[in-house]
Amino acid sequence: MDCYFHSNVPSAAPCIECGKPICATCRDERGGCPSCRLAAKVEAATATRQQIPGAVPPRPAPATVRGTATVTTAPDPAESRALVALGYPLWPLALISLLDRNQSRSLRRQAFQALGFNVGIFGFGALLSLIAQIPFLGISAMALVPLLVPIFLVASVYYGIKTWNGDDVRIPVVTSWLDERFPQGETNSR
């Protein structure tokens with residue numbers, strides 16, 4: 001009979017724990033085989049291991065036949081998110097990001113929001129500049145025109161960071177206008 005671990009070496013005795021035939025090379029001083037020694041080491045290591053505190057959350061209930069199915073998609077690539085995020089302060093990048101065919105629906109929506117944000121700020125600035133030309137009303141509008149640049153910079157950086165992190169950006173007038181034209185309930189076209 002050959003050794004269990006060496007096919008061409010004759011066995012000397014069976015293992016005292018599992019009974020496998022083993023040769024003199026594999027046998028230890030107690031008469032155990034290598035697999036029994038390994039199993040003892042694994043058991044000793046797991047016996048000293050501490051229990052990790054906490055609990056596993058319960059498994060969600062299975063979806064019913066009539067329930068809505070949630071589809072998880074892969075996260076958007078970092079390059080696409082960066083291009084859309086930079087579209088808030090730099091509107092031509094939002095236009096370029098709309099040319100990407102593999103872009104998710106949420107990023108395409110964010111790019112439209114970035115364009116709407118820029119058009120809205122430009123329109124508001126033009127309206128304030130026009131009102132500033134009116135003799136008596138222009139004094140109050142003239143004080144607001146210089147504040148548009150810092151407001152634009154802070155808001156565009158804030159919205160860009162939120163877009164980069166994958167958060168849903170809600171711009172007051174622009175988002176409600178886009179929700180009417182692009183409902184979120186439609187499927188994700190990738």
Side-chain angles (χ1 to χ4, degrees), residues 51-190:
Q51 179 78 17
I52 298 175
V56 177
R59 179 181 260 180
T64 61
V65 175
R66 292 185 181 156
T68 59
T70 58
V71 178
T72 58
T73 58
D76 295 312
E79 296 85 12
S80 297
R81 284 186 293 137
L83 193 61
V84 173
L86 287 173
Y88 280 96
L90 306 170
W91 66 268
L93 294 178
L95 275 177
I96 292 172
S97 70
L98 288 175
L99 298 175
D100 186 9
R101 296 261 184 225
N102 296 331
Q103 196 174 51
S104 69
R105 183 167 178 77
S106 63
L107 273 183
R108 184 170 295 278
R109 195 166 174 277
Q110 294 292 336
F112 278 122
Q113 278 191 171
L115 288 172
F117 170 74
N118 282 297
V119 167
I121 290 289
F122 177 76
F124 189 63
L127 180 70
L128 282 179
S129 296
L130 184 67
I131 292 174
Q133 301 301 320
I134 300 175
F136 293 111
L137 294 175
I139 295 171
S140 61
M142 221 179 290
L144 294 177
V145 172
L147 294 176
L148 273 181
V149 173
I151 289 172
F152 169 75
L153 289 175
V154 169
S156 63
V157 167
Y158 174 74
Y159 291 143
I161 289 173
K162 281 189 72 146
T163 301
W164 169 253
N165 290 331
D167 297 337
D168 186 32
V169 176
R170 310 268 320 154
I171 301 171
V173 176
V174 177
T175 302
S176 49
W177 186 81
L178 279 174
D179 284 342
E180 293 173 4
R181 279 136 188 91
F182 302 109
Q184 291 181 357
E186 294 179 13
T187 58
N188 200 3
S189 60
R190 261 211 162 190

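Computed from a predicted structure; not experimentally measured. Residues take their numbers from the sequence shown, with the count starting at 1.
No side-chain heavy atom of L153 sits less than 4.5 Å from a side-chain heavy atom of V157. Side chains of L115 and N118 form no contact here, defined as non-hydrogen atoms less than 4.5 Å apart. For the pair R109 and Q113, the minimum side-chain heavy-atom distance is below 4.5 Å.
Here CG of D179 is found 6.5 Å from OG1 of T175. Values are rounded to the nearest 0.5 Å. With rounding to the nearest 0.5 Å, the separation of CZ in F122 from CG in L127 is 11.5 Å.
When the ring-ring contact (aromatic ring centres under 6.0 Å, His included) test is applied to F112, the partners found at least two apart in sequence or on another chain are F182.
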Could you pull out every donor-acceptor pair under 3.5 Å between side chains of residues 142-152 and any protein atom, sequence neighbours left out?
none

Expected list for residues 78-90: side-chain donor-acceptor pairs under 3.5 angstrom, two or more places apart:
from	atom 1	to	atom 2	distance (Å)
S80	OG	D100	OD2	3.4
R81	NE	D76	O	3.4
R81	NH1	W164	O	2.5
Y88	OH	Q110	OE1	3.1

